[in-house]
Visitor: 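Here you go, one structure.
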Amino acid sequence: MLINKFYNRDTTWRHYKMTKDDKSIGQEIKEPYGSILQCNCNEGKPCATVGFLMNIIDNSSLVINVWDMDGDLIRFNRFSQELTGFAESEVLGKGWENTFINVNNREHFKKVFKEICSGKAAQIQEGRIYCKSGEAKYLLWSNFIASDNSGKPLSVISIGIDITDRKKAEEQSSERFNRLQEMHGLLRSAEEQLNKQLAEQQKLYEALEHSAYYDPLTSLGNRALLNEKLGDAIRNAELNKCYAALILMDLDNFKKVNDNYGHNFGDELLCAVGKQLRSCVGGKGLAARVGGDEFAVLLPYLKKINEASEECQKILEIFRKPFVLNGRELHVTASIGVSMYPGDGEELAELYRNADIAAYSAKENGGNSVAFFHKHMLEEITEKLSIEEGLRRALRNDEFILHYQPLVDTSTRKIIGVETLVRWNHPVKGMIPPVKFIPIAEETGLIIPIGEWVLRRACHQYVLWKNKAVNPGTLAVNISVRQFEKPEFLKVVKAILEETGMEAKDLEFEITETIAMKDLEHSIKVLMELKALGIRVALDDFGTGFSSLNYLKKLPIQTLKIDKSFIDNVTLDNREDTVVQAVIAIAQKMGLNIIAEGVETEDQLDFLKKEKCSIVQGYLFSKPLAVEGMEDLLVHRQI
Ligand code: C2E
Ligand code: CA
Ligand code: CA
């Protein structure tokens, strides 16, 4: 609704609300100030005091507004106009909220205005208005109701102070405060993040440190921890004049456990052993795992050496009862080696090496035992190592030679074959017999290339003899277990036959009982294939191993060689006689050829002839001979 100003003749003016269609003048809006500042001093004409007050109102730097009780603006002083940019004519008669209040706050404003009218609202209010330019202004309002003489409320007068600058300053500082808060928050979360990272790093560091000193599988100490503690123990023993013992323990046949039951099962066994070892050692020392199936115990403070052997016995006790893993019972044993400080070494590496040598010696003695280090063990090992090294060189430098020992028919005394026996012609030590190096070659695996060399050279020699019309009969060649278990063994044999022109029918391999029994199924398979090739097989050293007739039945072999140890005693001991007689009888029943080894006397020969043992070998006829000697003998073919 519009409000228009209409001037009186005396130049005063009156306000009228226009009718709804804004075409004619409606209700007069009484001069609000007039009603408050009623003064008749000048007989109804404007008086100086009212004029003075009106001047103040219009020239003040306060927003002074007057509303009628409907909320329509009926007065809008000059300062209000300057502040908002609206002329009085633009806003008079309109609701304040429509012009100055943000859409979202209009309802709220109306509510507050009603409260002002009913005297319920606080006199002082803070509010935000929007100027014509769109700029926001903040005002601190003081509202009161103007009533006529009878007390009837006529209008609401509001005086507002522009507090925009203060508000903005406040806003800015609160913004700054918020920003500070935000920064504080950021710093706090950065600090938290940093702390978290530090904690994680610490954990990582601890885990790394743990993995550097502990075995992940068994949670026992590892070699690094053992080394550190061993160093401490040496210093401690020196200071306190006491002993320190380093015990190394190696499980016997652990490889078999892994091979037969799988690595997971092997791991479980290691864990179980580790657990028992830890509880056995308790607070007396350190239990560690230092390799695959190698454990160590360090006893750092011993008054007597005896205490170490007592502890070792306790450790062996762990293995008296079977381990039960996944419902499976498993008997395990261990070999234990001990070195003591002082005595067995001055420093860490030496003590470690010597305990290792002692453990090796315990294993050599069949395992499940304890060995304390002794100097002679070191000498033996050194010798072994030098032999191993020498064997490698011998292979490279062709230092091996072959000797042949005749196999003789007992009735005709004719040579029906030769056994190939290798020798090592050492450039410094001279001729070295096989007992001195074959076991080491077997242990190190060097027997594989050596055995191959022997077979090739023997076949080659045999063909040379044959070409010279010298007939050695059967060529017997010893085959080691290491060669026999190699998957490519047969391939190698076939290649050598082809290469040398050797005929399979002239060849007899000598394998020991232990080879055959090690893996019966595999042995039978290989033996069948050899048989198919036409190569015969003799069971060597019969009587020294299991000598199980049951197994003998299953093996596709053609010959049995009775070990020298039985032959030695046949003429002295009735019991041995009976054994040999029984073996010969059974072998004959099984259709096997029999060779008696190590026949040295005529008496032995007579005995064997009587027992119908058809072939013998021994010094009685000939020692093993080099090629020339053997050839000489073969040419005569009779001894
Ligand atoms: P072996 O296969 O039982 O060989 C027979 C051993 O008995 C030979 O010892 C031979 O010289 C010896 N011998 C034969 N008759 C008599 C006798 O009347 N009295 C005495 N005291 N000894 C006799 P050698 O040559 O020292 O060989 C020892 C062992 O070395 C062999 O026992 C065999 O197991 C192994 N060997 C020899 N050459 C080879 C080879 O080329 N390969 C493999 N794997 N082992 C071999
Ligand atoms: Ca032999
Ligand atoms: Ca033999």
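If you read the sequence from its start, that first residue is 1, and numbering goes on from there. Remember, predicted model here, so these are calculated numbers, not experimental data. For ligands, and for the atoms within them, numbers begin at 1 and follow the listed sequence.
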Visitor: Checking salt bridge (Lys or Arg N to Asp or Glu O under 4.0 Å) for the pair Lys314/Glu310: CA distance, chi angles, key distance, verdict?
Guide: CA-CA 6 Å; Lys314 275 193 211 153; Glu310 280 163 18; over 6 Å; no

Visitor: Please check atom 3 (O) of ligand 1 for a protein heavy-atom neighbour under 4.0 Å.
Guide: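 Answer yes: something from the protein, a heavy atom, is under 4.0 Å.
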
Visitor: Please step through salt bridge (Lys or Arg N to Asp or Glu O under 4.0 Å) for the pair Asp606 and Lys610, ending with a clear verdict.
Guide: CA-CA 6 Å; Asp606 288 343; Lys610 200 169 79 222; over 6 Å; no

Visitor: Less than 4.0 angstrom from a charged side-chain N to a carboxylate O is my criterion; do Arg456 and Glu452 meet it?
Guide: yes

Visitor: For ligand 1, is any non-hydrogen atom under 4.0 Å from Gln405's backbone (N, CA, C, O), its side chain (CB onward), both, or neither?
Guide: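 Side chain only.
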
Visitor: Against heavy atoms of Gly598, which atoms of ligand 1 measure under 4.0 Å?
Guide: 15 (N), 16 (C), 17 (C), 18 (O)

Visitor: Provide, to 0.1 Å, the distance between atom 11 (O) of ligand 1 and the closest protein heavy atom, together with that atom's residue and name.
Guide: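 Minimum-distance protein heavy atom for atom 11 (O) of ligand 1 reads Pro624 CG, 3.2 Å.
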
Visitor: State whether the shortest distance between N or O atoms of Gln617 and N or O atoms of ligand 1 falls below 3.5 angstrom.
Guide: no

Visitor: Go through the steps for Thr218 and Asp215 under the test side-chain hydrogen bond (donor to acceptor under 3.5 Å, both in side chains), then give the verdict.
Guide: CA-CA 6 Å; Thr218 60; Asp215 167 46; 2.5 Å; yes

Visitor: Starting from the Ca ion (ligand 2), count all protein N, O or S atoms within a radius below 3.0 Å.
Guide: 4

Visitor: Decide whether the shortest distance between a heavy atom of Arg423 and an atom of ligand 1 is less than 4.0 Å.
Guide: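 For ligand 1, residue contact (heavy atoms, under 4.0 Å) with Arg423 is present.
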
Visitor: Using a 4.0 Å heavy-atom cut-off, which part of Glu597 comes near ligand 1: side chain, backbone, both, or neither?
Guide: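 Side chain only; the backbone of Glu597 stays clear of ligand 1.
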
Visitor: At less than 4.0 angstrom from any non-hydrogen atom of Ser480, what atoms of ligand 1 do you find?
Guide: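 Counting atoms of ligand 1 from 1, those under 4.0 Å from Ser480 are 44 (N).
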
Visitor: Checking the N or O distance criterion of under 3.5 Å, is ligand 1 in contact with Thr420?
Guide: no

Visitor: Students should be able to answer this: which protein heavy-atom is nearest to atom 21 (N) of ligand 1, and at what distance?
Guide: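 Sorting protein heavy atoms by distance from atom 21 (N) of ligand 1 puts Lys564 CE, 3.1 Å first.
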
Visitor: Quick one: closest heavy-atom pair of Ser386 and Lys429, and the distance?
Guide: OG-NZ, 4.4 Å

Visitor: Which atom pair, heavy atoms only, marks the closest approach of Leu220 to Ala287?
Guide: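 Shortest heavy-atom separation between Leu220 and Ala287 comes out as CB-O, 3.7 Å.
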
Visitor: On the 0 to 90° scale, with breaks at 30° and 60°, tag the Phe400-Trp424 ring pair as parallel, tilted or perpendicular.
Guide: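 Phe400 and Trp424: tilted rings.
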
Visitor: Which pairs of donor and acceptor atoms, one on a side chain in residues 434-441, lie under 3.5 Å apart (sequence neighbours left out)?
Guide:
none

Visitor: Please determine which of Asp293, Asn258, Val332, Asn264 meets the side chain to side chain contact (heavy atoms under 4.5 Å, CB included) test together with Leu269.
Guide: Val332

Visitor: Indicate yes or no: does Lys384 engage Glu380 in a salt bridge with an N to O separation below 4.0 Å.
Guide: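 Salt bridge between Lys384 and Glu380, a charged N being under 4.0 Å from a carboxylate O: no.
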
Visitor: Checking side chain to side chain contact (heavy atoms under 4.5 Å, CB included) against Leu560, which of Asn593, Ile586, Val583, Asp540 comes through?
Guide: Val583

Visitor: Considering only protein heavy atoms, which is closest to atom 45 (N) of ligand 1, and at what distance to one decimal place?
Guide: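 Its nearest protein heavy-atom neighbour is Asn478 CB, 3.7 Å.
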
Visitor: Of the non-hydrogen atoms in Val338 and Ala245, which two are nearest, and what is the gap between them?
Guide: CG1-CB, 4.4 Å

Visitor: Looking only at protein heavy atoms, which one is nearest to atom 6 (C) of ligand 1, and what is the separation?
Guide: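 Sorting protein heavy atoms by distance from atom 6 (C) of ligand 1 puts Leu421 CD2, 4.6 Å first.
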
Visitor: Can you tell me which portion of Asp540 lies within the under-4.0 Å heavy-atom range of ligand 1? Options are side chain, backbone, both, or neither.
Guide: side chain

Visitor: Return the residue, atom name and 0.1 Å-rounded distance of the protein heavy atom closest to atom 38 (N) of ligand 1.
Guide: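 Looking only at protein heavy atoms, the one closest to atom 38 (N) of ligand 1 is Val422 N, 3.1 Å.
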
Visitor: Is there a side-chain contact between Phe373 and Leu351, using heavy atoms and a 4.5 Å cut-off?
Guide: no

Visitor: Considering only the protein, which heavy-atom contact is closest to atom 19 (N) of ligand 1, and what is its distance?
Guide: Glu600 OE2, 2.6 Å

Visitor: Test Lys363 against every option in Asp250, Thr333, Asn368 by the side chain to side chain donor-acceptor pair (under 3.5 Å) rule and name the one that passes.
Guide: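 Among the candidates, only Asp250 passes.
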
Visitor: Looking at every non-hydrogen atom in both residues, tell me the closest pair between Gln604 and Gly598 and how far apart they are.
Guide: OE1-O, 3.9 Å

Visitor: Suppose I only count heavy atoms of Gly618 and a 4.0 Å limit; which atoms of ligand 1 are within that range?
Guide: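 Going through ligand 1 atom by atom, the ones under 4.0 Å from Gly618 are 15 (N), 18 (O).
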
Visitor: Under 3.5 Å, which donor-acceptor pairs link side chains of residues 484-496 to any protein atom two or more places apart or in another chain?
Guide:
| from | atom 1 | to | atom 2 | distance (Å) |
| --- | --- | --- | --- | --- |
| Glu485 | OE1 | Lys518 | NZ | 3.1 |

Visitor: So which protein heavy atom does atom 23 (C) of ligand 1 come closest to, and at what separation?
Guide: Tyr619 CE2, 3.4 Å

Visitor: Got a list of side-chain donor-acceptor pairs under 3.5 Å for residues 473-483, not counting sequence neighbours?
Guide:
| from | atom 1 | to | atom 2 | distance (Å) |
| --- | --- | --- | --- | --- |
| Thr474 | OG1 | Arg536 | NH2 | 3.3 |
| Asn478 | ND2 | Glu419 | OE2 | 2.9 |
| Asn478 | ND2 | Thr420 | O | 3.2 |
| Ser480 | OG | Glu442 | OE1 | 3.3 |
| Ser480 | OG | Arg482 | N | 3.0 |
| Arg482 | NH1 | Glu442 | O | 2.6 |
| Arg482 | NH1 | Glu443 | O | 3.4 |
| Gln483 | OE1 | Ser480 | N | 2.9 |

Visitor: Looking only at distances, can you tell me whether any N or O atom of Glu442, backbone or side chain, sits closer than 3.5 Å to an N or O atom of ligand 1?
Guide: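 N/O-N/O distance under 3.5 Å: no.
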
Visitor: Measure Glu419 to ligand 1 on non-hydrogen atoms and call it side chain, backbone, both or neither using the 4.0 Å cut-off.
Guide: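 Near ligand 1, Glu419 shows its side chain, while the N, CA, C and O stay back.
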
Visitor: With atoms numbered from 1 as shown, which atoms in ligand 1 lie under 4.0 angstrom from a non-hydrogen atom of Asp541?
Guide: 3 (O)

Visitor: Name the option, out of Pro433, Pro434, Ala538, that contains the heavy atom nearest to atom 26 (O) of ligand 1.
Guide: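 The option holding the nearest heavy atom is Pro434.
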
Visitor: At under 4.0 Å between heavy atoms, which part of Val477 makes contact with ligand 1: side chain, backbone, both or neither?
Guide: neither

Visitor: Using heavy atoms and a threshold below 4.0 Å, how should the contact between Val454 and ligand 1 be classified: side chain, backbone, both, or neither?
Guide: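 Within the 4.0 Å criterion, Val454 contacts ligand 1 through side-chain atoms alone.
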
